[in-house]
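Note: hydrogens, waters and symmetry copies are ignored here, and every other heavy atom, side chains too, is used. In what follows, every chain begins at residue 1, and chains take the letters A, B, ... in the order their sequences are listed. Just so we're clear, the structure is a prediction, and the values are computed from it rather than from any experiment.
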Amino acid sequence: MPLDFDRVWLPYLYLYGVGGIFFLGGLWMVVRSEGYNKLRPGDRRWLGLMFFGFVWYAGLHGAGILAATSLS
Amino acid sequence: MLSSLLALAQHAADPAQAEAMTATAAAGQSPVFWVIVIGYFMLVLGFGAYFAGFNRSTSDFFFGGRRFSWWLITMSIVATGVGSHSFLKYSSKGFEHGFSSSMTYMNDWFFVPLFMFGWLPIIYYMRVRSIPEYFERRFNPQVRVLATVALLLFMLGYIGIGFVTMAKTLLPIIEPHLGWDLMTITWVVAVVAGVYITFGGQTAVIFTDLLQGFVLLFAGVFLFLLGLDFLGGFDAFWNALPAEFKLPLANFNDDPGFNFVGVFWQDAVAGSIGFLFMNQGLIMRFMACRSVNEGRKAAAFNVLIALPISAIAVSNAGWIGRAIANTSPELVSPATDPDKVFVTVTALLTTPAGFGFFVAAVTAALMSTVDTLINAVAAVTINDIYRPLKERRGQTPDDKHYLRAAMIVSAIATLIGVGAAWGFSQFDSLYEAHGFFQSTLTPPLVAAIFLAIFWKRFTTAGAIATFLVGGVLIVLGNQLPEVFVRPLAHGTPPLPGEDGSAGGGYVYIGALWNLVACFGTGIVVSLFTQHHRREETDGLTMWTVESARRFFKGGEPNDRPGFTMKLRWERHAEIPHGTVQVDRETLEGLAADGGEIVYVTDARGWLGGLRSTHAKVLAEPHDHGEVVYVAPDVADNGHFLPGRMLKVEKEM
């Protein structure tokens, strides 16, 4: 199978696009609900970790794709 | 799949598989192999016997006394999460499809915010003991009954599958030397697992899973290192694989047997929600944490760090196998049956004695899944059937009675699991029936619990309809995939049928129809039916978590930050049950008000909270300096040792 856009990047964009909608939708609910209190420092740190986790996995998968296609 | 291991011993057709068979048989003749396997079983039994002494109540038996540190819970979740068939399944996928076999382990982050800020605080603060109990508190007893029946049937069947999987793994090694058949092995494994769970409860499960988590992760990573060494280093491994094989995500929709979009909806969405929100065993594990914050740490570390390592541990035999097949096809044939690649590669890379260690690792993965399920079955049976039955009859037995009952139920669940294992080993149709049952019942449970937590408008009628109508729609989708699944299939072709036509149905993407059917039913019915008033669902949805905190604290939460205080301790019979007393300076350092809950633990952090408990701090301080007076029942519950220092901190 040729390593074209559909094979290489479409799954990635779908994963972090559709998955990102679930993720951001969930965060939106969290911030609007009583589950999150911005006055509690612990809650702010945990919210920051949520974004870090998303970037962490997006970075891992992105780096994996670049390595697979660029490093022989 | 694991039955193929037996076939491997009986029908080795190519040199590589013959070598694997020889190595497998040789392993059984090695005394070191038996020392490792028997030693491992004895160690597990020893854990059960030791931790039985830590069970004084049903809270201890089911939730480990709610006392443990995050790292202990993390490792036990790893052991439970790496399922009974993971090494074989993901090695097989890795051999066929490459690094994309890791997808299912690395797509769980999207729903973690809702778990950490929503579901975890709700179950912890509201002291929810089981999924069905949550359904009754959120809706009514009828919904609880539906959930209880579905969960028990699912879990008991799963225990049976776990046993038969484990026995089939061990059969080719044990049968030639001891003459044991499948059921004899099942009985031996069931006795080992049943004994330590029956007497040790959740505490034994957590500590044996800690051991088993380390064993299986170490074994998997070690196998990868052995493979790299065998191939001549990482560069040789990397260069032996084609670029497509190294992509971390599968083809979008081409391959009906393994494609990205199907795995996304089945695993990243349905599977993640199911694992985080609906898994009774996992919920009990988080309830065993000493606080919500420790639970969050356990979840974050597990998903961010442990799962990627687990993905490598369970998949790499397939990757190494493919690299060897590409460079030395005389050692591992490119035509090797993917289901056999784990045993083939392991046998190739290890000595017969070393092979014993990997058998122990696979056994660890299998046993740690079954032990969690048995404990979960006991929790659901006691909390959702036995206790309500007693209360309805006006009987109020003490907690010791329920603890004994829980132990008996654990033993009975183990026996039923053995019976189910016998059924699965005799009749393929039973195995298929359980698979069908699981795929039909899981989505309604997933949808119902998700909507219940996050949508305050979700109604009782909506929940019942999600179970019943959603289940019917799933069956319809299964019978008429071209009508219901195909429009949502993202262009994924159906699997070929037995006659070669495109009538085999949709493997992964069918999950999208299941989700649409169940969520859609629940939402539509809820929009047209009367929903609960806010006060009826206080603390049970994410929108009312503050009420849950007040419920847990017994009053307005005190968020003033305090310090952890390290103190001598003395047993003090004069102070009330369930309390501790400290001096004024310590009370101010804790930033605790009188009557507030504090966490008291042995100061040795490596115990992970094994010797710890919660208590209320008395408002009136003593004036005898840096010592904490501990009521006798608190000292007993915490299993504190004389002469050891304790740490005390306010429960936030």
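- Contacts of B/Met116 with chain A are made by side-chain atoms alone, with heavy-atom separations under 4.5 Å and no backbone atom involved.
- Heavy atoms of B/Phe260 lying under 4.5 Å from chain A belong exclusively to its side chain.
- Environment of CZ in A/Arg45: sparse, with no more than 12 heavy atoms of neighbouring residues, nucleotides or ligands closer than 6.0 Å.
- In terms of heavy-atom pairs under 4.5 Å with chain A, the best-connected choice from B/Val545, B/Leu304, B/Asp559 is B/Leu304.
- A heavy-atom distance below 4.5 Å is not found between the side chains of A/Leu10 and B/Leu249.
- When the candidates A/Leu24, A/Asn37, A/Leu49 are compared by the number of heavy-atom contacts under 4.5 Å with chain B, A/Leu49 comes out ahead.
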Please list every donor-acceptor pair under 3.5 Å in which a side-chain atom of residues 268-276 of chain B meets a protein atom from a residue at least two apart or in another chain.
unit_1, atom_1, unit_2, atom_2, d
B/Ser272, OG, B/Asp108, OD1, 2.8
B/Ser272, OG, B/Asp267, O, 3.3
B/Ser272, OG, B/Ala268, O, 2.9

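- In this structure, B/Trp109 and A/Met50 approach most closely via the heavy-atom pair NE1-O, 2.8 Å.
- The CG atom of B/Leu114 sits 8.5 Å away from the OG atom of A/Ser33 when rounded to the nearest 0.5 Å.
- With a 4.5 angstrom heavy-atom cutoff, B/Phe264 touches chain A only via side-chain atoms.
- A/Trp56 CH2: 12 or fewer foreign heavy atoms inside a 6.0 Å radius.
- Of the atoms belonging to A/Leu39, not a single heavy atom falls under 4.5 Å from chain B.
- Taking every heavy atom of both residues into account, A/Gly64 and B/Pro248 meet most closely at C-CD, 3.9 Å.
- Residues A/Trp46 and B/Ala300 approach most closely at CZ3-CB, 4.0 Å, considering heavy atoms.
- Salt-bridge formation is not detected for the pair A/Glu34/B/Lys456: no Lys NZ or Arg NE/NH1/NH2 atom is positioned less than 4.0 Å from an Asp or Glu carboxylate oxygen.
- Taking each heavy atom of A/Leu3 and B/Ala243 in turn, the nearest pair found is CD1-CB, 3.5 Å.
- Closest heavy-atom contact between A/Leu71 and B/Lys246: O-NZ, 3.9 Å.
- Proximity to chain A involves both the backbone and the side chain of B/Phe454, based on heavy atoms less than 4.5 angstrom apart.
- Among A/Asp43, A/Asp6, A/Leu47, A/Thr69, the residue making the largest number of heavy-atom pairs under 4.5 Å with chain B is A/Asp43.
- Closest non-hydrogen pair, B/Pro113 versus A/Phe23, comes out as CG-CE1, 3.6 Å.
- Only the side chain of A/Arg40 comes within contact range of chain B, judged by heavy atoms closer than 4.5 Å.
- There is no contact between B/Ala548 and chain A, counting heavy-atom distances below 4.5 Å.
- At a 4.5 Å heavy-atom cutoff, the contact between B/Asn293 and chain A is made by backbone and side-chain atoms alike.
- Interface summary for chain A: among B/Val112, B/Asn253, B/Thr544, the most heavy-atom pairs under 4.5 angstrom belong to B/Thr544.
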Report all side-chain donor-acceptor pairs from residues 11-22 of chain A shorter than 3.5 Å, counting only partners two or more places apart or in another chain.
unit_1, atom_1, unit_2, atom_2, d
A/Tyr12, OH, A/Ala58, O, 2.8
A/Tyr14, OH, B/Trp265, NE1, 2.9
A/Tyr14, OH, B/His490, NE2, 2.6
A/Tyr16, OH, A/Tyr57, O, 3.0
A/Tyr16, OH, A/Ala58, N, 3.4
A/Tyr16, OH, A/His61, ND1, 2.7

